[in-house]
Amino acid sequence: MSEMNIVSKIKPLITGILNELYGQEFAEDSLTINSTKPEFEGDYTLVLFSFVKQLKKSPESLGEEIGQALTGKYPELFTAYNVIKGFLNLTISDHYWLDVLQREYHNPAFGKKAATGKTVMVEYSSPNTNKPLHLGHLRNIFLGWSIAEILKENGHEVIKSCIVNDRGIHICKSMIAWQLFANGATPASTGVKGDHFVGEYYVKFNDEYKRQVEELVAGGMKKEEAEKEAPVMKATQQMLLDWEAGKPEVMELWKKMNTWVYEGFDVTYHRIGADFQKMYYESNTYLLGKQFVEDGLQSGVFYRKEDGSVWIDLTAEGLDEKLVLRKDGTSVYITQDMGLADQKYAEFRNDQSIYVIADEQNYHMKVLKLILQKLGKPYADGIYHLSYGMVELPSGRMKSREGTVVDADDIVEEMVKVAKNKTEELGKVKDFTEPELIELFDTIALGALKFFLLRVDPKKKMIFNPEESIDFHGFTGPFVQYTHARIRSVLRKAGETALVPVTAPLLPLEKELLVLMEQYPVVTEQAVAEHNPSLLAIYAFNLAKTFNTFYTEHSVLNAETPEKKTVRLQLAEMTANIIRSAMGLLGIRVPERM
RNA sequence: GGUCCGGUAGCUCAGUUGAAUAGAGCAACUGCCUUCUAAGCAGUAGGUCAUUGGUUUGAAUCCAAUCCGGAUCACCA
């Protein structure tokens, strides 16, 4: 359990002072307290303008009076103040900062919160089993994994889950193509990774389909009709019916090909550090949700049209009418999702359910939550759509038809190559064994990739330019990793340095580092509140940058005095711990050397 | 057409519960390795915060309109 952050400590003191001085109550939320800009003296700044009207005093005199009162009443906390325009800049005592340092520098779990007793399910990845994972999936997977870790850090129980879209017409397409073109080939016989192997047949299907449609059109058929009449398409539709009927040879092929895909996915998941506690398969859940339709009809939430189809009217909510059951009695996507949500809750009693799904499904998720709320489901309010933007190329969206999709395995390999080249160029780890090198390249490669995808606000779409490989300098994973390695090197060299009691005043760069570190627990809280791992990436970068400035300016091992050496060793250790922790929440390892 | 999201430096992005002169990184240019890892540090240059109007002591941030880009509104998944 960590202590309260300084800002939340200061707030009640200020509202107290305001009450004493002016006899008026102010809510803590009404206070604006920012970090003091570096060009001014002070650590934190109270913005005074908001009181001016209510208290009928000039900002300058308000600042003077409040500053006077704070330093007078709490001299152990506030050691100085100054007023510039409408801003009261407060200097927090070095004792406070050193206290934080003494308490936390050796604590690798700084920022970790006590258990809340809440259980949260995070559903992420959720691939189709007809093609391999691509860069878009990686953004999803890294986000999902990271938000799960951030939830844990904030004291929640987390269940990572995945719904595998393992059935449907698109799966049948690769099955048909395999029957037509494979001659019994398998991943084992060809040496191709299972998910890529199946993906090739999905592509082959589309090629063949296109060819057949063109042939029919050339023979005088209309395009629309040709698209329905093409033999491969008809065969695929028949296969879907056979699958639903449970025809043994179709089921066997389906299982066989899905197994290949899962074996491929497992390799990728393992490589990138993704894991799940609960897998759901659409083939098991696609019939769920039908019981909701009956319930909903009874309670009047749904209504039946003359043709037998069932609908919900959401026009009052500014949405549309939405189908929940086809006229032939089969369920649609949203019905399945209702059923799956119910099944999750039945098993786990989760307080919250986070769905990591791209923003193209914003409308769908809005509808899902609304329907469940109207049905009065206890878990409806806990549904949160962690919506993220697409990863695009400079030329626009990735399109599988145009072959511009960035394959997940390829990009990982590419990053490993770059990591290897850079590392060898620098030649700092020539004494590493082969396994150590391989681990280091992986750490750096995945660090660069994950940081690249997580440093951007999830809500926003992002651009990836394959021409410029992901950078290793500046606002990047390797930069932060490098800072960690550098610190560890110093700490190794320090060995068992005897620490002495520290009373010395802090130098500006020492304090700046400490002030920033003291904010870390607040950052993890914000990250979970906003469902936004990028806050941690930005924080880790700023911390690393601040440390590097400090490091260049002040020697740790050759510090001026034993006290300075002690403080700096502690600062260094705490920085390394926080970097490790923050990067860990992003799924990024940090090396001892690089 | 309805709804929603976005437009900030040449590029990629922060900042958007209103607050001091709008910040980083990359790219460009200048310096810094005889001392703890130069994957680093310091500095220069780069902005009509899409446009216009409004609210406010104060607007990149709130409101309205307009322009541009995207998503979505399937008895698809």
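First the proteins, then the strands, lettered A, B, ... as listed; each starts at 1.
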What's Phe475(A) touching, base or sugar-phosphate or nothing? Going by heavy atoms closer than 4.0 Å. sugar-phosphate

Ignoring hydrogens and angles, answer whether the base of A20(B) and the side-chain atoms of Thr45(A) contain a donor-acceptor pair closer than 3.5 Å. yes

Taking donor-acceptor contacts at under 3.5 Å, does the side chain of Lys430(A) reach the base of U37(B)? no

Pair of N/O donor and acceptor under 3.5 Å linking C75(B) base with Ser309(A) side chain: yes

Below 6.0 angstrom between ring centroids: does that apply to Phe479(A) and Phe451(A)? no

Of the listed nucleotides (A14(B), U37(B), U12(B)), which one gets closest to any side-chain atom of Val456(A)? A14(B)

Map His554(A) and Lys545(A) onto RNA chain B by nearest heavy atom, then report which one ends up closer to the 5' terminus. Lys545(A)

So what does Asn165(A) hit on the nucleic acid, given a heavy-atom distance under 4.0 Å: a base, only sugar-phosphate, or nothing? nothing

Identify whether the distance between the nearest side-chain nitrogen and carboxylate oxygen of Glu560(A) and Arg568(A) falls below 4.0 Å. yes

Using a 4.0 Å heavy-atom cut-off, does Glu592(A) contact any base of the nucleic acid, only the sugar-phosphate backbone, or nothing at all? base

Rounded to whole Å, CG of Asn548(A) lies from P of A42(B) at a distance of 9 Å

Do the side chains of Glu592(A) and Arg580(A) get close enough for a salt bridge, i.e. N-O under 4.0 angstrom? yes

NA contact type, Phe49(A), heavy-atom cut-off 4.0 Å: base, sugar-phosphate, or nothing? base

Any ion pair linking Asp328(A) and Arg326(A) (charged N to carboxylate O, less than 4.0 Å)? no

State whether Lys460(A) places a side-chain N or O below 4.0 Å from either non-bridging phosphate oxygen (OP1 or OP2) of A14(B). yes

Out of C73(B), U37(B), U35(B), minimum distance to the side chain of Asp320(A) belongs to C73(B)

Pick base, sugar-phosphate or nothing for Val556(A), based on heavy-atom distances below 4.0 Å to the nucleic acid. base

N-glycosidic conformation, C62(B) - syn within 90 degrees of 0, else anti: anti

Touch check for Met462(A), heavy atoms < 4.0 angstrom, all strands: base, sugar-phosphate only, or nothing? sugar-phosphate

Give the rounded distance in Å between these two atoms: CZ of Phe550(A) and P of G40(B). 19 Å

What is the nucleic acid contact for Thr330(A), judged by heavy atoms within less than 4.0 Å: base, sugar-phosphate only, or nothing? nothing

Reckon Asp328(A) touches a base, only the sugar-phosphate, or nothing at all at heavy-atom distances under 4.0 Å? nothing

Kindly say if Lys366(A) contacts the phosphate of C73(B), meaning a side-chain N or O under 4.0 Å from OP1 or OP2. no

Within the pair His473(A) and G25(B), is there a side-chain N or O less than 4.0 Å away from OP1 or OP2? no

Answer with base, sugar-phosphate or nothing: what part of the nucleic acid does Ile487(A) contact at a heavy-atom distance below 4.0 Å? nothing

Counting the atoms with a prime plus P, OP1 and OP2 as sugar-phosphate, which does Glu282(A) contact under 4.0 Å by heavy atoms, base, sugar-phosphate, or nothing? sugar-phosphate

Phosphate OP1/OP2 of A42(B) contacted by Thr549(A) side-chain N/O (<4.0 Å): yes

Tell me whether the side-chain N/O atoms of Arg568(A) come closer than 4.0 Å to OP1 or OP2 in C36(B). no

What does Asn532(A) touch in the nucleic acid at a heavy-atom separation under 4.0 angstrom: a base, only the sugar-phosphate, or nothing? nothing

Using a 3.5 Å limit for the pairing distances, which stems of at least 3 consecutive Watson-Crick or G-U wobble pairs does RNA chain B take part in? B:1-7 with B:67-73, B:10-13 with B:23-26, B:28-32 with B:40-44, B:50-54 with B:62-66

Across all chains, not counting sequence neighbours, the side-chain contact (heavy atoms from CB on, under 4.5 Å) partners of Asp166(A) are Thr129(A), Val164(A), Trp254(A), Asn258(A), Tyr262(A), Tyr281(A), Glu282(A), Ser283(A)

Could you give the CG-to-P distance, from Asn465(A) to U12(B), as a whole number of Å? 9 Å

Give one of base, sugar-phosphate or nothing for Lys53(A), where a contact means two heavy atoms less than 4.0 Å apart. sugar-phosphate

Nearest whole Å is fine: how far is A27(B) P from Ile463(A) CD1? 19 Å

Below the 4.0 Å mark, does U37(B) have OP1 or OP2 next to a side-chain nitrogen or oxygen of Ser489(A)? yes

Base, sugar-phosphate, or nothing: which does Arg397(A) touch, judged by heavy atoms less than 4.0 Å apart? sugar-phosphate

Same-atom distance (C1') from A22(B) to G69(B), integer angstrom: 24 Å

Heavy-atom nearest nucleotide on RNA chain B taken for Lys327(A) and for Gln526(A); more 5' hit belongs to Gln526(A)

Name the nucleic acid region contacted by Phe40(A), choosing base, sugar-phosphate or nothing; use a 4.0 angstrom heavy-atom cut-off, strictly under. base

Scan the side chains in residues 523-530 of chain A for donor-acceptor partners under 3.5 Å anywhere in the protein, sequence neighbours excluded, and list what turns up.
| from | atom 1 | to | atom 2 | distance (Å) |
| --- | --- | --- | --- | --- |
| Thr524(A) | OG1 | Lys113(A) | NZ | 2.9 |
| Thr524(A) | OG1 | Pro521(A) | O | 2.9 |

